[in-house]
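These notes are about the structure you will find just below.
Here is how names work: the chains are called A, B, and so on, in the same order as the sequence lines, proteins then strands, and each is numbered from 1. Model, not experiment: these values are computed from the prediction.
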Number of protein chains: 2
Amino acid sequence: MSKCEQCIVREFSSLKALNKEELVKLAECKTSRLVKKGEVIFEEGENVNGIFCVKDGVCKLTKLSQNGKDHIVKLVTKGELLGQRSMISEEPVNLSAVALEDMQVCFIPKSEIMGFFDKNNQFSMNVMRTICGDLKESDDHVVNMAQKTVKQRLAETLIYLQDTFGKNEDDSLKIQLTRDELASMIGTATESCIRLLSDFNKLGLIELKAKKITLKNIPQLKKMA
Amino acid sequence: MSKCEQCIVREFSSLKALNKEELVKLAECKTSRLVKKGEVIFEEGENVNGIFCVKDGVCKLTKLSQNGKDHIVKLVTKGELLGQRSMISEEPVNLSAVALEDMQVCFIPKSEIMGFFDKNNQFSMNVMRTICGDLKESDDHVVNMAQKTVKQRLAETLIYLQDTFGKNEDDSLKIQLTRDELASMIGTATESCIRLLSDFNKLGLIELKAKKITLKNIPQLKKMA
DNA sequence: GTATTTATATGACATATATCATATTTTAAG
DNA sequence: CTTAAAATATGATATATGTCATATAAATAC
């Protein structure tokens, strides 16, 4: 059982408000788990009863729409927490979480977290701020979906992916999404996504090599987003 | 200066957790205001530094998109609070609030609310749950925008409007939105919205009389949503 | 290494939706 | 009441995007 004190999640998430004593308690009650790429952490409708700390790796949060397609609502990466919303709302989770890479996650049972809410005001405020940030992001997202073209959303998403997850030594996007996943982030058909990537490629905005995507003209991409 | 004890906002919002003493303090520091239809309560980017209680009337929360169109993200009605998110995030407001009808609102300064956060845990939890509910709604909204057709979104929105705001004696929707506003809720061009309403009318799903919209075949509308 | 599956790519076409033009109706202003 | 302005309505057309078919390339299994 590893300690929580030095954990990256503690450093970047709401958990930074916890004191030593609380961290010791946390380390005792948490359970760690390795999640392989493609594995499901939890599924829409499940009762999770706690939160997950993402220690390493990235996962997608998806929601099944009525037409049977999965939509990727958000990507969650190391340092972040998972499942806070449904724990607070005391509802089944609204989204499914699926690993995009091999991951390390810890699970903290609800009872433990609720105790922090009662005793540590700073922690409560941190959680509240995080969720408020998520809400703002989500509202902005709604407007983008409603008002921007697929092309604009693709440009925007490519920039977001580079800004958030960085690039490899060869400058290609570090995070590996299939065309299908990229399409389900921007809310379009896979073929449309592929076609637009191809267009961007021809225009010199990006470069496609095998599965790798490299952004070549970021100012132009930003301008069109 | 009216009391807060019997206020509808207190009854339905997070404020229900406040005790008598806190309500007295609230009544002392709040300011009341009448807002005429069309008037702006606050505008995107403003610093609000407090929250609004909607005592009567309905307003729209809008965000200006890059193409210059306003998108209606949410409608807020009597009994609800306004501006919680930005107060907690300590950011300018992300959305503009504009009255759709004559309204009565009260303003409570941030300092007062922050005091409740510190001392009244139930209040904090209520606020947190409200925002979590908003987040779920917003995420669902993103998926709808991304995956549903305009027709589906219109059907869904009409049902939402009736369920949320009710109908007049003649069965027409109580809330009065212009076609332009309806279009900006579902994320489409005004003409497209008008055309689809016209289609729905011809199909007997709804009835259009002057500006009034009456839902005629709700099961069918639900099925297509 | 070959076979099989899966992902990517592209063409042809259908459909949904936006845009522009214009008419009609309703609301507001004088 | 009359006129002007705004909202609603509808047609014609352009454009974006989805769908289906098929080809090629890459990944995985055997």
Item to complete: Go through the side-chain N and O atoms of D139(B) and S138(A) and say whether any donor and acceptor fall under 3.5 Å apart.
Response: yes

Discussion item. Measure CG/L208(A) against C1'/dT24(D) and give the value in whole Å, please.
Written reply: 15 Å

Item to complete: Please tell me which of K148(B) and K202(A) maps to the more 5' nucleotide of DNA chain C, matching each residue to the nucleotide holding its nearest heavy atom.
Response: K202(A)

Worksheet entry | Phosphate contact (dT26(C) OP1 or OP2) by K211(B) side-chain N/O below 4.0 Å | no

Item to complete: Quick one: label T190(A) by what it contacts on the DNA or RNA (base, sugar-phosphate, nothing), any heavy atom closer than 4.0 Å.
Response: nothing

Practice prompt. Please report, rounded to the nearest Å, how far the P atom of dG11(C) is from the CD atom of E191(A).
Written response: 14 Å

Response to the item:
Value for NZ (K211(B)) from CD (Q176(B)), rounded to nearest 0.5 Å, stands at 7.5 Å

Fill in: Nearest to side-chain heavy atoms of R179(A), which nucleotide of dA21(D), dT8(C), dG18(D)
dT8(C)

Response to the item:
Among the nucleotides dA18(C), dT17(D), dA9(D), whichever has the atom closest to the side chain of T149(A) is dT17(D)

Discussion item. Could you tell me how far apart K212(A) (NZ) and dA26(D) (P) are, to the nearest whole angstrom?
Written reply: 14 Å

Discussion item. If the cut-off is 4.0 Å, is S192(A) near the phosphate of dG18(D), judged by side-chain N/O to OP1 or OP2?
Written reply: yes

Fill in: Phosphate contact (dA9(D) OP1 or OP2) by S198(B) side-chain N/O below 4.0 Å
no

Worksheet item: For residues N94(A) and K63(A), is any side-chain donor paired with an opposing acceptor at under 3.5 Å?
Response: yes

Worksheet entry | Nearest-Å distance for atom pair NZ/P, residues K151(A) and dT15(D) | 12 Å

Worksheet item: Between dT8(C) atom P and E181(A) atom CD, what is the distance in whole Å?
Response: 9 Å

Worksheet item: For L196(A) and L177(B), take the nucleotide of DNA chain D holding the closest heavy atom to each; which residue's nucleotide lies nearer the 5' end?
Response: L177(B)

Discussion item. Check this one for me: any side-chain N or O of R195(A) less than 4.0 Å away from OP1 or OP2 of dA9(C)?
Written reply: no

Worksheet entry | Side chains of L182(B) and L197(B) in contact at under 4.5 Å (non-hydrogen atoms) | yes

Discussion item. Given dT8(D), dT17(D), dT8(C), identify the nucleotide with an atom nearest to the side chain of T188(A).
Written reply: dT17(D)

Fill in: Whole-Å distance separating the CE atom of M145(A) from the P atom of dT17(C)
16 Å

Item to complete: Specify the separation, in whole Å, of atom CD1 of I194(B) and atom C1' of dT26(C).
Response: 13 Å

Worksheet item: Quick one: do K74(B) and E137(B) make a salt bridge, cutoff under 4.0 Å?
Response: yes

Worksheet entry | Separation of atom CD1 in I206(A) from atom C1' in dT8(C), rounded to whole Å | 13 Å

